[in-house]
Peer 1: 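Please find one structure pasted underneath; my questions will follow.
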2 protein chains.
Amino acid sequence: MSESASSTVPTLGAVAVACCSPLVSEPLSADEALRIAPVLKALAEPVRLRLLSLVASHADGEACVCDLQDAFELSQPTISHHLKVLHQVGLLDRSKRGVWVYYRVREDALADLGALLAVPAPVAAR
Amino acid sequence: MSESASSTVPTLGAVAVACCSPLVSEPLSADEALRIAPVLKALAEPVRLRLLSLVASHADGEACVCDLQDAFELSQPTISHHLKVLHQVGLLDRSKRGVWVYYRVREDALADLGALLAVPAPVAAR
DNA sequence: CTCAGACATAGGCACTCGTCAATGTTGACA
DNA sequence: TGTCAACATTGACGAGTGCCTATGTCTGAG
């Protein structure tokens with residue numbers, strides 16, 4: 001089963017990030033940077049950050065749009081737009097059940113991003 | 001109004017990120033999102049991603065602007081601008097020695113970002 | 001002191017992005 | 001069939017961003 005009917009489209013997906021060694025290990029190629037930047041750009045917005053966090057910490061790890069809208073003083077199309085952005089870069093999964101649409105965080109994609117930024121071994125200071 | 005020789009200037013710094021539990025653990029507050037987003041936004045640009053990666057993987061972990069410019073087909077002011085953005089959010093340290101300015105990755109700030117995106121325990125697939 | 005090199009700042013332009021109101025689409029139900 | 005509710009899409013507008021050229025500010029050499 002894996003995916004719902006509508007989200008079989010890869011968009012650009014987690015694959016975009018799961019490609020490179022950590023940022024600090026070796027110079028990123030121009031191509032790699034072009035693939036990774038959109039994913040970070042999707043995250044680099046206060047509303048989308050909160051949306052992703054809200055979805056992730058929701059019961060069962062998924063939330064429908066109606067649950068998310070109440071947390072913001074923004075119009076419904078705006079929330080819908082932000083969710084679309086997060087979905088397009090592969091950070092959010094989308095599944096429609098009846099009238100409701102449920103979003104779920106793709107933890108693998110998020111973990112890939114985290115690994116990219118993580119500092120390998122000798123961090124020393126802190 | 002140039003900053004002091006070393007980067008004692010707070011700008012907004014690594015502190016902005018080292019504040020919150022992982023994104024997926026509990027809902028991010030609006031304030032936290034507003035602090036974190038600019039740091040991610042600084043990274044969410046292909047040239048800046050490569051710049052940071054270049055600096056990090058350079059000998060001794062630091063690089064002067066002259067070394068970085070040659071890696072891009074961009075004007076010197078553009079590179080300078082991108083470095084400034086990375087420095088302002090606390091991802092890059094700046095130190096002037098003679099005529100040259102050396103940048104160094106703040107690994108603690110980067111690691112904090114990585115920790116924010118990391119998924120705590122049950123990652124499952126990969 | 002004068003000059004040249006390394007880097008930063010200023011200002012302008014084209015483009016992208018976040019937001020909204022209006023409208024479209026789809027599924028549940030009477 | 002008709003109607004309501006949940007989301008998505010469209011189109012427009014102001015604000016922000018990346019790039020450039022031109023100019024400014026240091027610092028070391030001569």
Side-chain angles (χ1 to χ4, degrees), chain A residues 4-7 9 11 30 33-34 37-52 54-55 58 62-89 92-104, chain B residues 1-7 9 11 30 33-34 37-52 54-55 62-89 92-104:
Chain A
S4 81
S6 56
S7 69
V9 212
T11 55
L34 282 176
V39 185
L40 282 170
K41 191 164 291 188
L43 257 184
E45 214 277 341
V47 174
R48 291 198 287 265
L49 261 178
R50 291 178 61 198
L51 274 173
L52 192 115
L54 263 178
V55 171
H58 209 266
E62 62 179 14
C64 81
V65 183
C66 53
D67 292 329
L68 301 171
Q69 285 178 174
D70 302 338
F72 303 87
E73 293 186 347
L74 291 172
S75 70
Q76 174 264 320
T78 297
I79 299 295
S80 186
H81 162 69
H82 284 310
L83 288 170
K84 181 181 181 180
V85 172
L86 287 170
H87 174 242
Q88 279 178 332
V89 300
L92 242 41
D93 255 354
R94 188 179 180 279
S95 69
K96 187 168 185 177
R97 290 204 292 275
V99 185
W100 295 277
V101 172
Y102 290 85
Y103 284 93
R104 169 184 297 274
Chain B
M1 47 153 61
S2 59
E3 59 265 75
S4 52
S6 63
S7 67
V9 214
T11 54
L34 282 177
V39 185
L40 282 169
K41 193 163 292 190
L43 257 183
E45 215 278 341
V47 174
R48 289 198 288 263
L49 262 179
R50 291 178 61 196
L51 274 173
L52 192 114
L54 262 178
V55 171
E62 62 179 13
C64 82
V65 183
C66 53
D67 293 329
L68 302 170
Q69 285 176 176
D70 302 338
F72 304 86
E73 292 185 347
L74 292 172
S75 70
Q76 173 265 320
T78 297
I79 299 295
S80 185
H81 161 70
H82 284 309
L83 288 170
K84 181 182 181 180
V85 171
L86 287 170
H87 174 243
Q88 279 178 333
V89 300
L92 241 42
D93 254 354
R94 188 178 180 280
S95 69
K96 188 167 184 178
R97 290 203 293 275
V99 186
W100 296 277
V101 172
Y102 290 85
Y103 285 92
R104 170 183 296 274

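First the proteins, then the strands, lettered A, B, ... as listed; each starts at 1. Owing to the predicted nature of the structure, the values given are computational and were not obtained by experimental measurement.
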Peer 1: Within the structure shown, what part of the strands sits under 4.0 Å from B:L83 by heavy-atom distance: base, sugar-phosphate, or nothing?
Peer 2: nothing
Peer 1: From the set D:dA8, C:dG27, C:dA8, return the single nucleotide nearest to any side-chain atom of A:V99.
Peer 2: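 So the nucleotide nearest the side chain must be C:dG27.
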Peer 1: Looking at B:K96, does any N or O in its side chain come under 4.0 Å of the phosphate oxygens OP1/OP2 on C:dC7?
Peer 2: no
Peer 1: How is B:Q76 classified with respect to the nucleic acid when contacts are heavy atoms under 4.0 Å: base, sugar-phosphate, or nothing?
Peer 2: base
Peer 1: Let me know the distance between CH2 of A:W100 and C1' of C:dA28, rounded to the nearest Å.
Peer 2: 8 Å
Peer 1: Taking only side-chain nitrogens and oxygens of A:Y103, does any of them come within less than 4.0 Å of OP1 or OP2 of D:dA8?
Peer 2: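 Indeed, a polar side-chain atom of A:Y103 lies that close.
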Peer 1: I need the CG-P distance between B:L34 and D:dG16, as an integer number of Å.
Peer 2: 14 Å
Peer 1: Can you sort out the partners of B:E62 under salt bridge (Lys or Arg N to Asp or Glu O under 4.0 Å), two or more places apart, ordered by chain and number?
Peer 2: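 Here the qualifying residues are B:R97, B:R104.
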Peer 1: Give a yes/no on whether any side-chain N or O of B:T78 is located under 4.0 angstrom from OP1 or OP2 of D:dC19.
Peer 2: no
Peer 1: Roughly, in whole Å, what's the span from NE2 in A:H81 to P in C:dC20?
Peer 2: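 Answer to the nearest Å: 11 Å.
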Peer 1: Within the pair B:R94 and C:dC7, is there a side-chain N or O less than 4.0 Å away from OP1 or OP2?
Peer 2: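 For B:R94, the contact criterion (side-chain N or O under 4.0 Å from OP1 or OP2 of C:dC7) is not met.
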Peer 1: Using a 4.0 Å heavy-atom cut-off, does A:I79 contact any base of the nucleic acid, only the sugar-phosphate backbone, or nothing at all?
Peer 2: nothing
Peer 1: Want to settle it: does A:S75 or A:K41 sit nearer the 5' end of DNA chain C, counting the closest nucleotide to each?
Peer 2: A:K41
Peer 1: Mapping A:E73 and A:R97 onto DNA chain C by nearest heavy atom, which one lands closer to the 5' end?
Peer 2: A:E73
